[in-house]
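Contents: one structure, followed by commentary.
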Amino acid sequence: MSKQERSFIMIKPDGVQRGLVGEIIARFEKRGFKLVALKMIHESPEFLEKHYADLKGKPFFPGLVKYMSAGPVVAMVWEGRDAVKTGRVMLGATKPLESAPGTIRGDYAIDVGRNICHGSDSVESAEKEIKLWFPEGIIQYTSVVESQVFEN
C-alpha cells in the first residue's frame with residue numbers, strides 16, 4: 001500500500017544555470033505531488049559537507065562540495081504518495097547515461113558530476129535532509145484537489 005510521504009529534491013547549480021527550474025517543478029506538479037517548501041539558496045562548503053556527509057570518504061567528495069557551493073541551488077520538499085521512490089524514478093539513474101529517456105537526468109544530463117538534481121534515497125534521508133535545509137519548518141496546507149488526485 002502506498003503512503004503519503006515527503007521527499008527532498010534539490011536542483012543543482014547546473015540545473016539552475018541551464019534554466020531548468022520551471023521544467024523540473026512542472027514535472028513534479030504534473031505527477032500529482034504537492035510543493036510544500038521551496039527556496040533558492042547559495043550554500044557554504046561547510047553546509048554542503050553536512051548534506052553530503054555520507055560521501056565524505058569518496059575521492060570525488062572535494063570536487064562535489066566545490067561544485068555545489070559554486071552557485072545557487074533550488075531546495076524543495078514535495079509531498080505525495082510514495083514521494084521518495086517515485087521522485088527517484090522521475091530523476092533517473094545517478095549516472096545520466098544510464099538514465100532512461102523521459103527521466104529528468106535522461107532528458108537533460110550527460111555527466112555524473114553535473115546530473116541536474118539530488119533526490120532523497122529513503123524516507124529517513126528525506127526527513128534528515130528536510131530538517132537540514134528547512135530548519136524553519138514547512139508549510140502545512142490542504143489542496144482543494146487532493147481528493148481528486150488520491151484515493152482515500
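Being a predicted model, the structure only gives us computed values, none of them experimental.
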Exercise for the section: Verify the neighbour count for atom CD1 of Ile110: are there more than 12 heavy atoms of other residues, nucleotides or ligands below 6.0 Å? Expected result: no
Problem - Greater than 12 external heavy atoms within 6.0 Å of Leu132's CG - result: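 Yes, enclosed.
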Could you check if a side-chain atom of [X] sits within less than 4.5 angstrom of a side-chain atom of [Y], using non-hydrogen atoms only?
| X | Y | value |
| --- | --- | --- |
| Met68 | Glu43 | no |
| Thr103 | Val89 | no |
| Arg105 | Thr94 | yes |
| Leu20 | Asp14 | no |
| Leu35 | Val77 | no |
| Asp121 | Val84 | no |

Practice task
Could you walk me through whether Met10 and His51 pass side chain to side chain contact (heavy atoms under 4.5 Å, CB included), step by step?
Solution key: CA-CA 11 Å; Met10 174 175 46; His51 174 79; 3.9 Å; yes
Exercise for the section: Say whether, by atom type as modelled, one donor and one acceptor occur between the side chain of Glu79 and the main chain of Arg6 under 3.5 angstrom. Expected result: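 Checking the backbone N and O of Arg6 against the side chain of Glu79, no donor-acceptor pair under 3.5 Å is found.
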Handout entry: side chain to side chain contact (heavy atoms under 4.5 Å, CB included) evaluation trace for Val65 with Phe60
Key = CA-CA 9 Å; Val65 170; Phe60 59 82; over 6 Å; no
From [X] atom [atom1] to [Y] atom [atom2], the distance as rounded to the nearest 0.5 Å:
| X | Y | atom1 | atom2 | result |
| --- | --- | --- | --- | --- |
| Asp54 | Ser125 | CG | OG | 7.0 Å |
| Ser120 | Ile130 | OG | CD1 | 6.0 Å |
| Leu91 | Arg27 | CG | CZ | 10.0 Å |
| Asp111 | Lys95 | CG | NZ | 12.5 Å |
| Arg88 | Ile9 | CZ | CD1 | 8.5 Å |
| Glu127 | Ser7 | CD | OG | 11.0 Å |

Exercise for the section: Determine, using the 4.5 Å side-chain heavy-atom cutoff (strictly less than), whether Met90 and Val112 are members of one ILVMFWY cluster. Expected result: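 Unlinked, Met90 and Val112 end up in two clusters.
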Exercise for the section: Give a yes or no on whether Ile116 and Met40 share a hydrophobic cluster (residues Ile, Leu, Val, Met, Phe, Trp, Tyr; joining criterion: side-chain heavy atoms under 4.5 Å apart). Expected result: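 Yes, Ile116 connects to Met40 through the hydrophobic network.
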Problem - Donor + acceptor pair across side chains of Thr86, Asp82 (<3.5 Å) - result: no
Exercise for the section: Anything under 30° is parallel, anything over 60° is perpendicular, the rest tilted; go ahead and classify Tyr52 against His118. Expected result: perpendicular
Handout entry: SB check Lys128 Glu124 (cutoff 4.0 Å)
Key = no
Handout entry: Trp78/Phe8 aromatic ring centres below 6.0 Å
Key = no
Problem - Audit row: Val36, Phe134, side chain to side chain contact (heavy atoms under 4.5 Å, CB included) steps and yes/no - result: CA-CA 11 Å; Val36 294; Phe134 294 93; over 6 Å; no
Problem - Tyr141 six-ring centre to Lys34 NZ/CZ under 6.0 Å and within 45° of normal - result: yes
Practice task
Measure from NZ or CZ of Arg18 to the centre of the six-membered ring of Tyr108, then state whether that distance is under 6.0 Å and the direction lies within 45° of the axis.
Solution key: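 Cation-pi check for Arg18 and Tyr108: fails.
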Practice task
Dump the intermediate steps for side chain to side chain contact (heavy atoms under 4.5 Å, CB included) on Ile24 and Cys117, then the final yes or no.
Solution key: CA-CA 9 Å; Ile24 292 166; Cys117 287; 3.7 Å; yes
